[in-house]
Participant: 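Attaching a single structure in structure tokens format; questions to follow.
Remember, it's 1-based here, ligands and their atoms both numbered in the order they're listed.
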Amino acid sequence: MVNDDYTLIKNIKRYAIENKIPIMQNEGIDFLTTFIIKHQIKNVLEIGSAIGYSAIMMTLCSPNLKVTTIERDEARYLEALKNIKNMKLEDRITLIFNDALKTKIEGKFDLIFIDAAKAQNINFFERFEKNLTDDGFIITDNMYFHGLVHKNEKEITSRNVRGIVRKIKDYITFLKNNDNYITTIYDVGDGIAVSNKKNK
Ligand code: SAH
Ligand code: MG
């Protein structure tokens, strides 16, 4: 990484903090990039680009990696576009401005990274698993939802938050009961699920 890139990334992180954009924390990024290198991942489909931070970090860790990433919020999409351009990664990151649940994606990916609306995880999983290679991985961020998944429901005062927590629990059950995948939830960052498709 050259010095300019380092400054740009620092600025992206600062922008995220100032604008309360929930980008992945260092621990999660370390896990993801180590995973990509270890499994020699070549093509990533990301659901939820926000301002392009995780897509950029994934691309930087492996010279031949390509990322396709979807964002539905226009302001974030525009910011991501700018960041990707500034990093000169337009050739390796394809950014799509749309609701992922209305987006048709062609082609296969050896990693699908789900990091968007937490209540929609099952829908994202089911919509995009056709785009996964035979022995590919689906990684889902925020399985703990800021620690709330392990909290007693009665202590969660917001009805909305309680709803999301329930949906994440449903997603955990969905993953555990899915015979086509082996899922491990790692106690890293905000909880990261790795689901590996069984090569049949
Ligand atoms: N992966 C990013 C953070 C993503 S934050 C990083 O770590 O840098 C989650 C993003 O998902 C938000 O910007 C939100 O607008 C987007 N999102 C939520 N639901 C979506 C959907 N259905 N389609 C596309 N984007 C979605
Ligand atoms: Mg996240």
Participant: If I take atom OG1 from residue T94 and atom CD1 from residue I96, how far apart are they, to the nearest 0.5 angstrom?
Facilitator: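 The OG1 atom of T94 sits 7.0 Å away from the CD1 atom of I96.
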Participant: From D190, does some N, O or S atom reach closer than 2.8 Å to the Mg ion (ligand 2)?
Facilitator: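 Given the 2.8 Å cut-off, D190 does not count as a ligand of the Mg ion (ligand 2).
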Participant: Considering both backbone and side-chain atoms of P22, is one of its nitrogen or oxygen atoms within less than 3.5 Å of a nitrogen or oxygen in ligand 1?
Facilitator: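 Min N/O separation from ligand 1 is not below 3.5 Å for P22.
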Participant: Looking at atom 7 (O) of ligand 1, what's its closest protein heavy atom, distance included?
Facilitator: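 That would be M24 N, 2.9 Å.
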Participant: Using a 4.0 Å heavy-atom cut-off, which part of E71 comes near ligand 1: side chain, backbone, both, or neither?
Facilitator: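 Both parts.
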Participant: I'd like to know whether CD of E126 has more than 12 heavy-atom contacts from other residues, nucleotides or ligands below 6.0 angstrom.
Facilitator: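 Yes - once you tally the heavy atoms of other residues, nucleotides and ligands closer than 6.0 Å, there are more than 12.
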Participant: Give yes or no for whether the N/O distance cutoff of 3.5 Å, strictly under, is met between L101 and ligand 1.
Facilitator: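 L101 vs ligand 1: no N/O contact under 3.5 Å.
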Participant: In the protein, what heavy atom is nearest to atom 17 (N) of ligand 1, and what distance, to one decimal place, separates them?
Facilitator: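 Nearest protein contact, heavy atoms only, for atom 17 (N) of ligand 1 is A116 CB, 3.7 Å.
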Participant: Between atom OG1 of T173 and atom CD1 of I168, what is the distance when rounded to the nearest 0.5 Å?
Facilitator: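 The CD1 atom of I168 is 12.0 Å from OG1 of T173, to the nearest 0.5 Å.
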Participant: Could you find the nearest protein heavy atom to atom 25 (N) of ligand 1 and give me its residue, atom name and distance?
Facilitator: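 Minimum-distance protein heavy atom for atom 25 (N) of ligand 1 reads R72 N, 3.3 Å.
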Participant: Give a yes/no answer: is there an N/O/S atom of N142 under 2.8 Å from the Mg ion (ligand 2)?
Facilitator: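 It does: N142 brings an N, O or S atom closer than 2.8 Å to the Mg ion (ligand 2).
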Participant: For the Mg ion (ligand 2), find the closest N/O/S atom belonging to D141 and write down its atom name.
Facilitator: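 That would be atom OD2.
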Participant: When you measure from atom 9 (C) of ligand 1 to every protein heavy atom, which one gives the shortest distance, and what is it?
Facilitator: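 Result for atom 9 (C) of ligand 1: D115 O, 3.1 Å.
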Participant: Answer side chain, backbone, both or neither: which part of I47 comes under 4.0 Å from ligand 1, heavy atoms only.
Facilitator: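 Contact part for I47 vs ligand 1: neither.
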Participant: Indicate, as side chain, backbone, both or neither, the part of Q120 found under 4.0 angstrom from ligand 1 when only non-hydrogen atoms are considered.
Facilitator: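 None of Q120 does.
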Participant: Identify the closest protein heavy atom to atom 18 (C) of ligand 1: which residue and atom is it, and at what distance?
Facilitator: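 Here the closest protein heavy atom is A117 N, 3.3 Å.
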Participant: Describe, in one word, how the ring planes of F35 and H39 are oriented to each other, choosing from parallel (under 30°), tilted (30 to 60°) and perpendicular (over 60°).
Facilitator: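 Ring orientation of F35 relative to H39: tilted.
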Participant: Would you say the side chains of N98 and T103 form a donor-acceptor pair under 3.5 Å?
Facilitator: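 Yes, side-chain donor-acceptor contact under 3.5 Å.
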Participant: Looking only at distance, does F124 have an N or O less than 3.5 Å from an N or O of ligand 1?
Facilitator: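 Checking ligand 1 against F124, no N or O pair falls under 3.5 Å apart.
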Participant: Can you list the ligand 1 atoms lying under 4.0 Å from a non-hydrogen atom of E46?
Facilitator: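 With E46 as reference, the close atoms of ligand 1 come out as 1 (N).
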Participant: Does ligand 1 have a heavy atom under 4.0 Å from the side chain of A16, from its backbone, from both, or from neither?
Facilitator: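 For A16, there is no contact with ligand 1 at all, from either part.
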Participant: Among all protein heavy atoms, pick out the one at the shortest distance from atom 8 (O) of ligand 1; state its residue, atom name and that distance to 0.1 Å.
Facilitator: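 Ranked first by proximity to atom 8 (O) of ligand 1 is S54 N, 3.0 Å.
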Participant: Is D73 in polar range of ligand 1, meaning some N or O pair under 3.5 Å apart?
Facilitator: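 Not met; the criterion fails.
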Participant: Should R76 and E79 count as an ion pair when the cut-off is N to O under 4.0 Å?
Facilitator: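 Salt bridge flag = no for E79 with R76.
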